[in-house]
Each structure stands twice: as structure tokens, then as C-alpha cells.
Amino acid sequence: MELTDAMRTTHACRRYLPDPVPGEVFHRAIDAARFAPQGGNRQGVRFVIVRDPEKKRRLGEWYLVPWHESYVAAKQGDVKLGFSNPMRAHEESNRFAHAFGEHPAIVVVCVDPTLVHPTDLDLDRLSIVGGGSVYPMAQNLCLALRDQGVATTFTTLLVAYEEQVKELLGIPDPFITACHIVAGYPERGFPSRLRRLPVEEIAFTDTFGESLRLP
């Protein structure tokens with residue numbers, strides 16, 4: 001499909017059909033995703049595609065622990081959500097979380113941290129630069145799956161259970177987990193319009209706050 005259409009309709013899918021995603025679909029998607037830019041072209045990212053029912057069940061059990069904390073915080077208003085109907089969206093997410101271990105496939109995105117060069121470790125803030133060598137490839141995977149009619153949900157909650165996930169899936173050291181991507185055919189199709197802030201509110205010219213506008 002046309003790239004812009006894929007970018008505008010790759011949403012966080014909450015409901016999936018039970019149909020399995022064939023291995024060849026994942027192969028084509030990863031074959032395309034692997035060309036994402038990454039620091040030094042070190043190529044430290046690996047994908048573990050989990051389709052075994054028992055392993056998915058275990059992942060689902062672990063996922064619910066951090067999810068419950070997030071769910072309660074949102075219900076109490078401690079976490080702000082940017083949806084037009086925040087509570088409805090959060091209840092959909094709650095349904096997704098409770099079915100996490102039943103979704104068609106869960107892709108565990110791993111990276112060898114020795115092949116990542118974060119340049120912000122000395123700054124007095126959260127280090128995020130290392131993700132620049134991981135998440136472009138993860139997003140490429142989502143787009144490449146969207147091109148084949150497969151929906152995805154990108155989540156980082158399960159990283160809290162990294163030690164257990166690595167043992168369950170035989171992920172060796174020094175690899176660490178960066179995110180998890182649920183993949184499957186959407187129960188309700190793809191959205192025709194996603195709600196996002198306009199360009200003028202997120203892009204600036206020369207000075208933060210000077211909106212990028214059309215001539």
C-alpha cells in the first residue's frame with residue numbers, strides 16, 4: 001500500500017481475529033524492516049515471534065501485573081490520556097490486556113546493548129538515545145505488517161518482566177528486551193482517521209514555539 005496511507009492507519013489495535021499470522025508474512029515484514037537506520041549499522045536488534053499458546057499465556061499473566069497498576073492510576077486520574085473519550089479508550093486497553101496471552105502473535109524485540117551507543121548517559125535525565133538504534137526497526141516492522149493487512153500494538157509494559165521473559169524464550173545474555181509488539185488480523189478493520197495533534201502544534205521553525213506553517 002502507499003506509504004503515507006500505511007503511516008496514517010497503523011494504529012494500536014485492541015481487538016484481533018483468532019486467525020494465525022503465517023510465518024511468511026513475518027518473514028516479508030522483517031525482510032523490509034531490517035533496513036531501518038541504526039547507529040553505526042551495528043545491527044543489534046533481534047525478533048522473537050511467540051505463537052506457542054503456553055508461552056503466550058505466561059506472557060499474558062506477567063503483562064497483567066504492570067497493566068493493573070497503570071489501569072488503576074488512569075481510573076483515578078493520575079495518568080492523563082490524550083483520547084477524545086479517555087475512559088472508553090482505557091477500557092478497550094483493559095480488554096486488550098486481559099486477552100494479551102490469547103492474541104495471535106507476540107513479537108519480542110531484543111537488542112544487544114553492547115552494540116548501542118547512547119550519548120546521553122552523562123545528562124541529568126532519563127537516557128533515551130539508545131532507543132534510536134532499536135525503535136525505528138520496530139516501527140518499520142509495524143508498517144511492513146500493516147502493508148500486508150496485519151495490525152499491531154506496540155507496548156513496553158512487559159519489559160518489567162525481562163528476566164522471566166528471557167528465561168521463558170531462551171534469550172541469551174547480553175540481549176535485553178526493548179518492547180513487545182502484538183500482531184494479528186484486526187477484528188474491526190483499520191481506522192480511516194486517527195486523532196493526532198496538528199503539525200503547527202508539534203513542529204517549529206528555528207525556535208521552539210514558532211510554529212511550522214504552510215507558506
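This one's a predicted model, so the numbers in the text were calculated from it and none came from an experiment. If you read the sequence from its start, that first residue is 1, and numbering goes on from there.
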Within the distance-only criterion (no hydrogens, no angle test), does the side chain of R8 pair as donor or acceptor with the backbone N or O of D5 below 3.5 angstrom?
no
Verify, without hydrogens or angle tests, whether Y135 (side chain) and A178 (backbone) share a donor-acceptor contact under 3.5 angstrom.
yes
Contact check, side chains of F47 and I181, non-hydrogen atoms, under 4.5 Å:
no
Got a sec: does the CG of D19 have more than 12 other heavy atoms crowding it under 6.0 Å?
yes
How about M7: does its CE atom have over 12 heavy atoms from other parts shown lying under 6.0 Å from it?
no
When hydrophobic residues are tied together by side-chain contacts of less than 4.5 Å, even through go-betweens, does V109 share a cluster with I30?
yes
Using the rule that Ile, Leu, Val, Met, Phe, Trp and Tyr join whenever any side-chain heavy atoms are under 4.5 Å apart, tell me whether V21 and V182 fall into a single cluster.
no
Ignoring hydrogens and angles, tell me if any N or O in the side chain of Q38 forms a donor-acceptor pair with the backbone of Q43 under 3.5 Å.
yes
Straight-line distance of D147 CG to E2 CD, nearest 0.5 Å:
10.5 Å
Are the aromatic ring centres of H90 and W67 under 6.0 angstrom apart?
yes
L126 side, atom CG; D120 side, atom CG - distance, nearest 0.5 Å:
8.0 Å
Mind listing the closest non-hydrogen atom pair of T10 and A6 along with its distance?
OG1-O, 2.5 Å
Would a distance-only check, ignoring hydrogens and angles, find a side-chain to backbone donor-acceptor pair under 3.5 Å from D112 to G44?
no
Relative to each other, are the rings of F204 and F208 parallel, tilted or perpendicular (30° and 60° limits)?
tilted
Can you tell me if E54 uses its side chain to pair, donor with acceptor, with the backbone of D52 under 3.5 Å?
no
Do V25 and L17 belong together in a cluster built from hydrophobic side chains that touch within less than 4.5 Å?
yes
State, yes or no, whether a side-chain contact exists between R57 and E61 at a heavy-atom distance under 4.5 Å.
yes
Rounded to the nearest 0.5 Å, the NE2 atom of H68 sits from the CG atom of L157 at a distance of 13.0 Å
Do V150 and F154 share a hydrophobic cluster (ILVMFWY, side-chain heavy atoms under 4.5 Å, transitive)?
yes
Please examine the side chains of V108 and L169, heavy atoms only from C-beta on, and report whether any two atoms are closer than 4.5 Å.
yes
Heavy-atom nearest pair, Y185 first then Q148, reads CE2-O, 4.3 Å
E162 side chain reached by I176 side chain, heavy atoms, under 4.5 Å:
yes
S70 and V72, any side-chain heavy atoms less than 4.5 Å apart:
no
From L143 CG over to Q139 CD, what is the distance, rounded to the nearest 0.5 angstrom?
4.5 Å
What is the distance from atom OH of Y161 to atom CG of L59, rounded to the nearest 0.5 Å?
12.0 Å
Scanning both residues in full, the closest heavy-atom pair of P186 with G189 reads CB-O, 3.6 Å
If the test is side chain to side chain contact (heavy atoms under 4.5 Å, CB included), which one of T155, L64, T153 qualifies with F100?
T155
What I want to check is whether the side chains of S133 and R42 have a donor and an acceptor closer together than 3.5 Å.
no
Does atom CD of E167 have more than 12 heavy-atom neighbours from other groups under 6.0 Å away?
no
Side chain K56, main chain P104, donor-acceptor under 3.5 Å
yes
Any R14 side-chain heavy atom under 4.5 Å of R95 side chain
no
Assert yes or no for the condition that the ring centre distance of H180 to Y63 is strictly below 6.0 Å.
no
When you compare the side chain of M137 with that of L141, does any pair of heavy atoms fall below 4.5 Å?
no
Please test V48 against C110 for side-chain contact (heavy atoms from CB on, under 4.5 Å), starting from the C-alpha separation and ending with a verdict.
CA-CA 8 Å; V48 181; C110 312; 4.3 Å; yes
Below 4.0 angstrom, N of the basic side chain to O of the carboxylate: do K166 and D173 qualify?
yes
Ignoring hydrogens, what is the shortest heavy-atom contact between A32 and A144? Give both atom names and the distance.
CB-CB, 4.2 Å
May I have the step-by-step check of side-chain hydrogen bond (donor to acceptor under 3.5 Å, both in side chains) for R146 and T9, ending in yes or no?
CA-CA 8 Å; R146 171 67 186 94; T9 59; 3.0 Å; yes
Under 6.0 Å from the CZ atom of R28, do we count more than 12 heavy atoms belonging to anything else shown?
yes
T205 and E210 side chains, donor-acceptor separation under 3.5 Å
no
Here the pair of heavy atoms bringing P113 nearest to P174 is CD-O, 3.0 Å
Interatomic spacing from OG1 in T114 to NE2 in H117 - rounded to 0.5 Å:
13.0 Å
Measure from NZ or CZ of R15 to the centre of the six-membered ring of F96, then state whether that distance is under 6.0 Å and the direction lies within 45° of the axis.
no
So do V111 and F175 actually touch side chain to side chain, heavy atoms under 4.5 Å?
no
Given Y16 and H103, is the side-chain contact (heavy atoms from CB on, under 4.5 Å) satisfied, shown in steps?
CA-CA 7 Å; Y16 296 88; H103 296 311; 3.5 Å; yes
Same cluster or not: are I171 and I106 linked, directly or through other Ile, Leu, Val, Met, Phe, Trp or Tyr residues, by side-chain heavy atoms under 4.5 angstrom apart?
yes
